[in-house]
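Values in this document were obtained by computation on a predicted structure and should not be read as measured data. Chain naming here is simple, since letters A, B, ... match the order of the sequence lines and numbering starts at 1 in each.
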Amino acid sequence: MSAPELACNVEAVPGPRPGPASRPFWDGCAAGELRVQRCTACAEISVLPAMRCAGCGATALVWEATAGRGALYSWTVVHRPQSPAFAVPYAPAIVRLDEGAMVMSAVIGCTADDLHDGMRLRVVFRALTDGSVCTGTVLPFFEPDPNPPTPTHPEDLHGRH
Amino acid sequence: MSHPFRDVAIVGVCNTTQARQLPGHTSLSISIEAAHGALADAGLTMADVDGVVGEFAAETILGHRLGPVSRRISRFGIPMLLDAAALITHGECDVVVVAAGGAGLYTERAATAPWTRPDHEFVAPFGLFTAAEFAVMARRHMIRYGTTPEQMAAAAAGIRTHGSMNPDAVYTGRGTVTVADVLASRLIAEPFHLLDCSMTSEGGCAVVLARADRAGALAQRPVWILGAAGDTFGPAYVVAPVFDAVRPGGDPDLAAGWVGRRAARRSLAMAGLTTADVDVCELYDPFSFEILRQLEAFGFCTPGEAGAFVAEGHTAPGGSLPVTTDGGTMSFSHPGINAQQVQRVIRGVEQLRGACRSGQVDGAEVALCSNGGSGALFCDVAVLGVERP
Ligand SMILES: [Zn+2]
């Protein structure tokens, strides 16, 4: 028996509540762009949207688009959902973007058996629905990347940092 | 310089009845029951109290018309103990009760317990909950060290067997729990099976601290805080729990996956001890993997070694380093957010009194207790002993 396809949970799940700091991230998702907030003084990428850089304290933070590609850093496959809104199995995952950011998401478009350390992934956007109607919110998921970049350094493909 | 906790004695402890549910109780009412129990254990009453620490400190003060007295509204076990100790060492109080309780919180049973479900916008949409947060930490350990589900299951089996032996545990009398039993239970969030995870229950837990010169006249032989410290990387369940995350320019040995290592080093240094001096470990056990991780973070095992150590039975009943001897959150009780974190200190005190009704480590003189865990990005450590520091 082959493993079931991982669920893409977009129906009636808890959605984001964009605030002043996080709104550019969610606006980016709606525009089909996975964004990170970067410090123009020291190039540090924010772990969370912020008003000051966690690395150097500068306020010169800008939002920039990423290529939306990265490597699987860690994951789990959930069989007992946190609430009935989530179909199982689903796979919350940490993806290391090629730009260096570590983002929380979920892997879709494959089975649990396909998941492995350093697996090449690309972002894919899915709109939340409230039953049948789109709520206007878009979430970034990750799926296997059919055209992974050629590595210049072997470590680039292994989610190391 | 004298020891910072030389003048603070732990003189009373209490776990109320712990059960899957305690009908009629609220978190506040069961917390107050625990406070009374710990004071009775010490040979004291509420009238002796001039400081209250816990989530319900103000309500407890009002409910006994104790005012004017001191309060600290703190949470998560060991930080509560340290707040109480500080009230005594800086001269604000003589007798402080630390109390916590959980009851009536988990009612919507189709979902996991409410305290396990984060609502932050960068994790909640992806179905994260505590088991998943800890699982992604465990996965990185598996990738790096080859740690196996069988090794993790051995940690859970040992703790659950301790709980089966404990007449006061919610899951008392369930017999020996084996690695096969854990692996045969249903999957929750890989690599965790149901029996790799803590359970849910209700109950109250409390500790009483007193100025050392009061301790001699009280009912119990005092237990002492030899050292304590806490590590935090940030709020729990808000960002991806990245095992290898370090501060800019930071030491990889102090990465988020090793949370608690700095705290353990500082605690043991304060105590003037090493891990070899520890007779019993009362480690917080939200998930089986956390036992392996803490043994490595705290220095009982080198990184990657704890899986084999636990699989050899060292942490099980009768082993060379018994871990979480009351059954912990997996079998003894897990009443929510705070109370079960106080339980680790309570069990450490019971071990050092030689008073455990099961799983007593003969002649235990030093206990290491902990709270929190990697998936939650915080971990606190306390080293307790029978000798006044
Ligand atoms: Zn900066």
Side-chain angles (χ1 to χ4, degrees), chain A residues 7 9-10 13-19 22 25-26 42 44 46-49 53-56 72-96 101-107 112 115-118 126 128 137 139-141 158-161, chain B residues 108-114 116-144 185-194 197 233-235 237-249 252 255-257 287 289 375:
Chain A
N9 286 299
V10 292
V13 301
R17 291 185 296 262
S22 69
F25 177 84
W26 297 111
C42 78
E44 175 102 354
S46 300
V47 176
L48 273 180
C53 170
C56 74
L72 184 58
Y73 171 81
S74 196
W75 69 95
T76 180
V77 179
V78 174
H79 298 266
R80 192 289 192 229
Q82 63 117 293
S83 82
F86 289 86
V88 296
Y90 65 93
I94 301 172
V95 180
R96 182 179 190 268
M102 303 292 265
V103 298
M104 195 88 233
S105 179
V107 179
L115 302 174
H116 59 272
D117 181 32
R126 293 283 183 269
L128 286 185
T137 302
L139 294 183
F141 291 92
H158 288 91
R160 308 272 282 265
H161 65 136
Chain B
E108 191 197 329
R109 296 272 169 166
T112 59
T116 70
R117 284 179 274 133
D119 66 357
H120 195 272
E121 62 183 337
F122 287 105
V123 296
F126 304 107
L128 271 291
F129 61 116
T130 50
E133 299 266 1
F134 280 81
V136 296
M137 282 288 193
R139 174 71 57 185
R140 278 314 296 182
H141 199 273
M142 295 168 76
I143 291 167
R144 183 178 301 170
S185 63
R186 64 190 168 94
L187 279 165
I188 301 296
E190 295 182 28
F192 300 146
H193 305 75
L194 181 67
C197 306
F233 278 81
Y237 319 134
V238 166
V239 296
V242 176
F243 194 109
D244 298 291
V246 293
R247 57 193 290 167
F287 300 96
F289 165 69

4.5 Å side-chain heavy-atom contact, A:Tyr90 and A:Thr76:
no

Options B:Ala135, B:Pro248, B:Ala124, ranked by heavy-atom pairs under 4.5 Å with chain A, top entry
B:Ala124

May I ask you to test the B:Arg139-A:Trp75 pair for a side-chain heavy-atom distance under 4.5 Å?
yes

Check whether any side-chain N or O of A:Gln82 sits under 3.5 Å from a backbone N or O of B:Leu128 as a donor-acceptor pair, and report yes or no.
yes

What residue in B:His120, B:Met142, B:Glu190, B:Glu133 has the most heavy-atom pairs under 4.5 Å with chain A?
B:Glu190

Which atoms of B:Pro252 come close to chain A, meaning under 4.5 Å heavy atom to heavy atom: side chain ones, backbone ones, both, or neither?
neither

Between A:Ser83, A:Gly55, A:Ser22, A:Gly19, the one whose heavy-atom pairs under 4.5 Å with chain B are most numerous
A:Ser22

With only heavy atoms counted, which part of A:Val13 is less than 4.5 Å from chain B, the side chain, the backbone, both or neither?
side chain

For the interface with chain A, which of B:Thr130, B:Val123, B:Leu194, B:Val239 has the highest count of heavy-atom pairs at distances below 4.5 Å?
B:Val239

Count the heavy-atom pairs under 4.5 Å between each of A:Gly15, A:Pro81, A:Pro84 and chain B, then report the option with the highest count.
A:Pro84

Mind checking the OG-CZ spacing from A:Ser74 to A:Arg96? Nearest 0.5 Å is all I need.
14.5 Å

Given a strict heavy-atom distance threshold of 4.5 Å, which part of B:Phe243 is in contact with chain A: side chain, backbone, both, or neither?
both

Can you name the residues that form a salt bridge (Lys or Arg N to Asp or Glu O under 4.0 Å) with A:Arg17, not counting sequence neighbours?
B:Asp119

Ring geometry between B:Phe134 and B:Phe287 (parallel below 30°, tilted from 30 to 60°, perpendicular above 60°)
tilted

Side-chain heavy atoms of A:Val78 within contact of B:Phe126, under 4.5 Å:
no

Is B:Ile143 close to chain A through its backbone or its side chain, or both, or neither, when contacts mean heavy atoms under 4.5 Å?
side chain

Which answer fits B:Arg186, side chain, backbone, both or neither, if we ask what part of it has an atom under 4.5 Å from a heavy atom of chain A?
side chain

Highest number of heavy-atom pairs under 4.5 Å with chain B among A:Ala106, A:Ser105, A:Pro16 belongs to A:Ser105

Give the minimum heavy-atom separation between A:Val88 and A:His79, together with the two atoms involved.
CG1-O, 3.6 Å

Could you tell me which of A:Ala93, A:Pro140, A:Ala85 has the largest number of non-hydrogen atom pairs under 4.5 Å with chain B?
A:Pro140

